[in-house]
Amino acid sequence: MKLLRRLVPHPFLTLLLTGTWLLLVNGWSLNSLVFGFMLGLLIPFVTQPYWPARPRISRPFKVIEYVFVVLADIIQANIVVARIVLFKPNDQRQPNWITIPLDLKTPEAITALAGTITMTPGTLSADVSDDGHTLLVHCLDAPNPEAVRDEIKQRYERRLMEIFE
């Protein structure tokens with residue numbers, strides 16, 4: 001088992017790279033499959049020294065819940081942003097910079113939170129403090145910055161803590 005782990009350090013990445021290669025060549029043949037699989041084995045093996053320790057996901061089924069929450073929020077935020085852009089005059093918008101104190105400790109969880117915020121229309125993760133304890137977020141329209149901060153901590157950070165920590 002240890003030999004297999006050394007030869008295939010990231011099995012899911014191997015499959016992802018193989019599938020990506022098949023999509024790039026825009027066709028299926030045994031040669032393409034074998035070459036894609038060889039790339040899928042070679043790339044993770046060669047880059048293995050540069051990979052940090054794998055993040056530990058303590059509750060993997062919570063990931064599914066998190067994905068559905070984020071997808072629902074993205075759909076809802078698209079509608080809200082469309083209303084703001086189409087119907088709210090510029091002088092009535094209240095863009096704000098919001099600092100969010102983080103309870104998350106792992107870099108993977110902080111990255112997932114920042115990515116989630118950026119994927120949600122109307123918000124953008126701009127910076128993480130040097131000590132990793134604060135996230136700076138820009139909101140297109142946030143008349144109540146404290147409510148936005150509390151919503152991000154409750155909807156996203158709490159779930160990410162359940163997943164990663």
Side-chain angles (χ1 to χ4, degrees), residues 1-82 85 98 100 102-140 148 151-165:
M1 190 66 172
K2 272 193 164 202
L3 178 63
L4 183 63
R5 179 58 93 194
R6 290 186 77 197
L7 293 175
V8 186
H10 301 282
F12 294 117
L13 180 60
T14 297
L15 294 175
L16 180 69
L17 289 170
T18 303
T20 302
W21 180 258
L22 290 174
L23 290 173
L24 284 172
V25 296
N26 199 22
W28 191 94
S29 71
L30 185 59
N31 289 341
S32 296
L33 179 65
V34 170
F35 187 72
F37 187 70
M38 287 174 32
L39 284 176
L41 289 174
L42 183 67
I43 291 171
F45 182 76
V46 171
T47 61
Q48 185 178 6
Y50 305 106
W51 286 69
R54 292 182 191 193
R56 219 183 93 222
I57 296 178
S58 56
R59 299 174 83 184
F61 291 110
K62 287 287 187 175
V63 175
I64 297 167
E65 175 191 346
Y66 184 75
V67 167
F68 281 118
V69 167
V70 171
L71 288 175
D73 286 351
I74 288 172
I75 291 168
Q76 181 184 16
N78 272 299
I79 295 167
V80 169
V81 168
V85 170
I98 301 171
I100 301 173
L102 298 175
D103 296 323
L104 295 170
K105 302 295 180 228
T106 61
E108 295 84 10
I110 294 171
T111 301
L113 177 63
T116 299
I117 291 169
T118 299
M119 283 188 295
T120 307
T123 57
L124 174 73
S125 300
D127 196 14
V128 178
S129 64
D130 289 338
D131 60 3
H133 296 299
T134 308
L135 187 64
L136 181 63
V137 175
H138 184 268
C139 293
L140 177 66
V148 173
E151 184 178 8
I152 288 172
K153 289 189 73 63
Q154 183 62 29
R155 286 190 69 78
Y156 303 133
E157 186 180 33
R158 178 184 58 82
R159 286 181 169 92
L160 287 171
M161 285 184 75
E162 291 175 358
I163 293 169
F164 285 100
E165 298 176 359

Could you give the distance from [atom1] ([X]) to [atom2] ([Y]), rounded to the nearest 0.5 Å?
| X | Y | atom1 | atom2 | result |
| --- | --- | --- | --- | --- |
| Leu33 | Leu30 | CG | CG | 6.5 Å |
| Ile100 | Lys153 | CD1 | NZ | 8.0 Å |
| Ile98 | Glu151 | CD1 | CD | 10.0 Å |
| Leu42 | Phe37 | CG | CZ | 12.0 Å |
| Ser125 | Leu135 | OG | CG | 4.5 Å |
| Asp103 | Met161 | CG | CE | 5.0 Å |

Discussion item. Considering only residues two or more places apart or on different chains, which pairs with a residue in residues 69-80 satisfy salt bridge (charged side-chain N to carboxylate O under 4.0 Å, His left out)?
Written reply: Asp73-Arg155
Name all residues meeting the side chain to side chain donor-acceptor pair (under 3.5 Å) criterion together with [X]; count only those two or more places apart in sequence or in a different chain, and write none if there are none.
| X | result |
| --- | --- |
| Thr134 | none |
| Glu162 | Lys62, Arg158 |
| Ser32 | Ser29 |
| Asp131 | Ser129 |

Quick check: closest heavy atoms across [X] and [Y], and the distance to 0.1 Å?
| X | Y | value |
| --- | --- | --- |
| Cys139 | Val148 | SG-CG1, 3.7 Å |
| Ala77 | Thr120 | CB-CG2, 3.6 Å |
| Glu65 | Arg159 | OE2-NE, 3.1 Å |
| Phe164 | Ala112 | CE1-CB, 4.4 Å |

Worksheet entry | From CA spacing to verdict: side-chain contact (heavy atoms from CB on, under 4.5 Å), Leu113, Leu102 | CA-CA 10 Å; Leu113 177 63; Leu102 298 175; 3.5 Å; yes
Item to complete: Walk me through it: do Thr118 and Thr123 pass the test side-chain contact (heavy atoms from CB on, under 4.5 Å)?
Response: CA-CA 6 Å; Thr118 299; Thr123 57; over 6 Å; no
Worksheet item: Side-chain contact, heavy-atom cut-off 4.5 Å: Phe35 with Asn31?
Response: no
Discussion item. I want to check something: taking the side chain as every heavy atom from C-beta on, are Ile74 and Pro121 in contact at a cut-off of under 4.5 Å?
Written reply: yes
Tabulate below the donor-acceptor pairs under 3.5 Å that side-chain atoms of residues 17-28 make, not counting sequence neighbours, or state none.
residue: Thr18; atom: OG1; partner: Thr14; partner atom: O; Å: 2.8
residue: Thr18; atom: OG1; partner: Gly36; partner atom: O; Å: 3.4
residue: Thr20; atom: OG1; partner: Leu16; partner atom: O; Å: 2.7

